[in-house]
Amino acid sequence: MYVTIDGIEKSFNNENKEQVKVLDDIDIDLEKGSFVSIVGPSGCGKSTLLYMIAGLVQADKGNIRIAGNEVRKPGPDRVVVFQEAGLFPWLTVLENVKYGLLLKKMPKQEAEAKAIDMLKMVHLSNYIHSYPHQLSGGMKQRVSIARALVMEPDILLMDEPFSALDEQTRMVLHKELMEIWKKTKVTIFFVTHNIREAVLLSEKVIVFGTRPGKVKEIIPVPTTTDGVLPDSVTLHTEQRILAILEEEIEKVLKEEMGDDYSFTTNHLHRNDSGDMGSHI
Ligand SMILES: Nc1ncnc2c1ncn2[C@@H]1O[C@H](COP(=O)(O)OP(=O)(O)OP(=O)(O)O)[C@@H](O)[C@H]1O
Ligand SMILES: [Mg+2]
């Protein structure tokens, strides 16, 4: 297996200096070139696991191996795309995308050519000399994806990359990401709160439970030869995931709200965009 996450455990100290277990006995395998999503209640440790794959956070127990090598620190084979694009405001789009390549001491012309190619892939050719403040949220996120991909990583780690975007922009970026994935065959590990997004994009959805975060179930997303899933299949898969999560979300709400919990149960149903609100 390409990525092996084996027996991961992680605790953090909370404000009262008590140890709280965030991840418990996490075992996940990722195939090379796969697109896997992870959904789960807020605070169940999704980002923590993603940072561990990135090498930014160390596990207390267990290990993560990529192509057989244990992850101990960040490396050029893995890049993270966050919810906020995090671009340098004083650099143009092109300069932002080139930045990492120049740090790697790539010759200027080669870096520029690569950055321009990548910006073409995310359909930003007409904006390469713009500054981040001149771009829409969706465009900024495209720059951020181009900046990540230009490094030619083996693994793209995406932590709610589209959650700050409006629905239409999100749909456009879904399409672009699918094209990029098919073209580059980069392995994608995608954290989201949006069940529909997870089902539309990925081959497998890992459903996390809380607390501590545990893998509740891994749901394969049915595929078709033309890559277009009938709505009924998408909906059925979404409902399956929702059913698993509902129990977990209730657990979180009860814990957080105590007696007020009964007022909120009516709001547990998925809204039109597939989002479950702030609790998953
Ligand atoms: N560096 C840290 N120090 C202390 N506690 C932390 C740290 N990082 C994360 N936590 C805690 O670990 C738990 C899991 O956090 P994490 O950000 O991984 O959850 P998540 O599933 O990504 O949540 P969300 O869906 O809201 O983004 C939370 O309770 C969080 O407060
Ligand atoms: Mg998170």
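Note: hydrogens, waters and symmetry copies are ignored here, and every other heavy atom, side chains too, is used.
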Taking salt bridge (Lys or Arg N to Asp or Glu O under 4.0 Å) as the test, write out the residues that go with [X], two or more places apart.
{"X": "E95", "answer": "none"}
{"X": "E203", "answer": "none"}
{"X": "E248", "answer": "K216, K251"}
{"X": "D24", "answer": "K21, K214"}

**Request:** Among Ile, Leu, Val, Met, Phe, Trp and Tyr joined by side-chain contacts under 4.5 Å, find the other residues sharing a cluster with L200 and list them by chain and number.
**Result:**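 Same cluster as L200: nobody, lone residue.
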**Request:** Run through the side-chain heavy atoms of Ile, Leu, Val, Met, Phe, Trp and Tyr, join any pair under 4.5 Å, and report what else lands in F88's cluster.
**Result:**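 Reading the cluster by chain and number, F88 sits alongside W90, L91, Y99, L103.
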**Request:** Begin with the C-alpha distance, continue with both residues' side-chain angles, and end with the deciding distance and a verdict on side chain to side chain contact (heavy atoms under 4.5 Å, CB included) for S202 and V36.
**Result:** CA-CA 5 Å; S202 46; V36 173; 5.6 Å; no
Could you measure the distance from the [atom1] atom of [X] to the [atom2] atom of [Y]? Nearest 0.5 Å is fine.
{"X": "M178", "Y": "I188", "atom1": "CE", "atom2": "CD1", "result": "8.0 Å"}
{"X": "S37", "Y": "I206", "atom1": "OG", "atom2": "CD1", "result": "8.5 Å"}
{"X": "E84", "Y": "S163", "atom1": "CD", "atom2": "OG", "result": "8.5 Å"}
{"X": "E250", "Y": "E247", "atom1": "CD", "atom2": "CD", "result": "8.0 Å"}
{"X": "I53", "Y": "I155", "atom1": "CD1", "atom2": "CD1", "result": "7.0 Å"}
{"X": "Q83", "Y": "M158", "atom1": "CD", "atom2": "CE", "result": "12.5 Å"}

Taking side chain as C-beta onward, heavy atoms only, is [X] less than 4.5 Å from [Y]?
{"X": "V97", "Y": "I128", "value": "no"}
{"X": "T187", "Y": "L156", "value": "no"}
{"X": "Y2", "Y": "D29", "value": "no"}
{"X": "F162", "Y": "H174", "value": "yes"}
{"X": "E179", "Y": "K182", "value": "no"}
{"X": "K73", "Y": "L56", "value": "no"}
{"X": "V39", "Y": "K46", "value": "no"}
{"X": "Q141", "Y": "P161", "value": "yes"}

**Pairs meeting criterion ring pair (Phe, Tyr, Trp, His ring centres under 6.0 Å) with involvement of residues 22-61, two or more places apart** =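 For residues 22-61: F35-W181, F35-F190.
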**Asked** Taking only residues at least two apart or on different chains, which pairs with a member in residues 117-137 satisfy ring pair (Phe, Tyr, Trp, His ring centres under 6.0 Å)?
**Response**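 Residue pairs passing ring pair (Phe, Tyr, Trp, His ring centres under 6.0 Å), neighbours aside: none found.
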Considering all heavy atoms of both residues, which atom of [X] and which atom of [Y] are nearest to each other, and what is their separation?
{"X": "N96", "Y": "P132", "value": "ND2-CG, 3.9 Å"}
{"X": "L245", "Y": "G40", "value": "CD2-CA, 3.8 Å"}
{"X": "P222", "Y": "T237", "value": "CD-OG1, 3.7 Å"}
{"X": "S144", "Y": "V81", "value": "OG-CG1, 3.6 Å"}
{"X": "I26", "Y": "G213", "value": "CD1-O, 3.4 Å"}
{"X": "G55", "Y": "P74", "value": "O-CD, 3.3 Å"}

Is there a donor-acceptor pair closer than 3.5 Å between any side-chain N or O of [X] and the backbone N or O of [Y]?
{"X": "T192", "Y": "N194", "result": "yes"}
{"X": "T210", "Y": "P212", "result": "no"}
{"X": "N16", "Y": "E18", "result": "no"}
{"X": "S34", "Y": "L30", "result": "no"}
{"X": "T169", "Y": "L165", "result": "no"}
{"X": "E31", "Y": "M1", "result": "no"}
{"X": "S136", "Y": "M139", "result": "yes"}
{"X": "R147", "Y": "A85", "result": "yes"}

**Prompt:** Is a salt bridge present between R240 and E238, judged by a nitrogen-to-oxygen distance below 4.0 Å?
**Reply:**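 Judged by the 4.0 Å cut-off on N to carboxylate O distance, R240 and E238 do not form a salt bridge.
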**Asked** Are L49 and I5 close enough, and set up right, to give a side chain to side chain contact (heavy atoms under 4.5 Å, CB included), and what steps lead you there?
**Response** CA-CA 9 Å; L49 183 62; I5 299 171; 4.2 Å; yes
**With T234 via side-chain hydrogen bond (donor to acceptor under 3.5 Å, both in side chains) - residues at least two apart** =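 Scan of T234 (side-chain hydrogen bond (donor to acceptor under 3.5 Å, both in side chains), adjacent residues dropped) gives none.
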**Prompt:** Can you list the residues that meet the side-chain hydrogen bond (donor to acceptor under 3.5 Å, both in side chains) rule with R78, with sequence neighbours excluded?
**Reply:**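 Residues passing side-chain hydrogen bond (donor to acceptor under 3.5 Å, both in side chains) with R78: none at all.
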**Asked** Could you go step by step and tell me if K114 and E112 meet the salt bridge (Lys or Arg N to Asp or Glu O under 4.0 Å) rule?
**Response** CA-CA 5 Å; K114 269 194 191 294; E112 178 136 336; over 6 Å; no
Which pairs would a plain distance check flag for residues 60-69, meaning a side-chain donor or acceptor within less than 3.5 Å of a matching protein atom at least two apart in sequence or in another chain?
from, atom 1, to, atom 2, distance (Å)
D60, OD2, S11, N, 2.7
R65, NH1, G68, O, 3.1

**Prompt:** Do any pairs count as a salt bridge (charged side-chain N to carboxylate O under 4.0 Å, His left out) and have a residue in residues 127-145, sequence neighbours left out, and if so which ones?
**Reply:**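 For residues 127-145: R142-E176.
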**Verdict with reasoning, V215 to V207, per side chain to side chain contact (heavy atoms under 4.5 Å, CB included)** = CA-CA 6 Å; V215 175; V207 187; over 6 Å; no
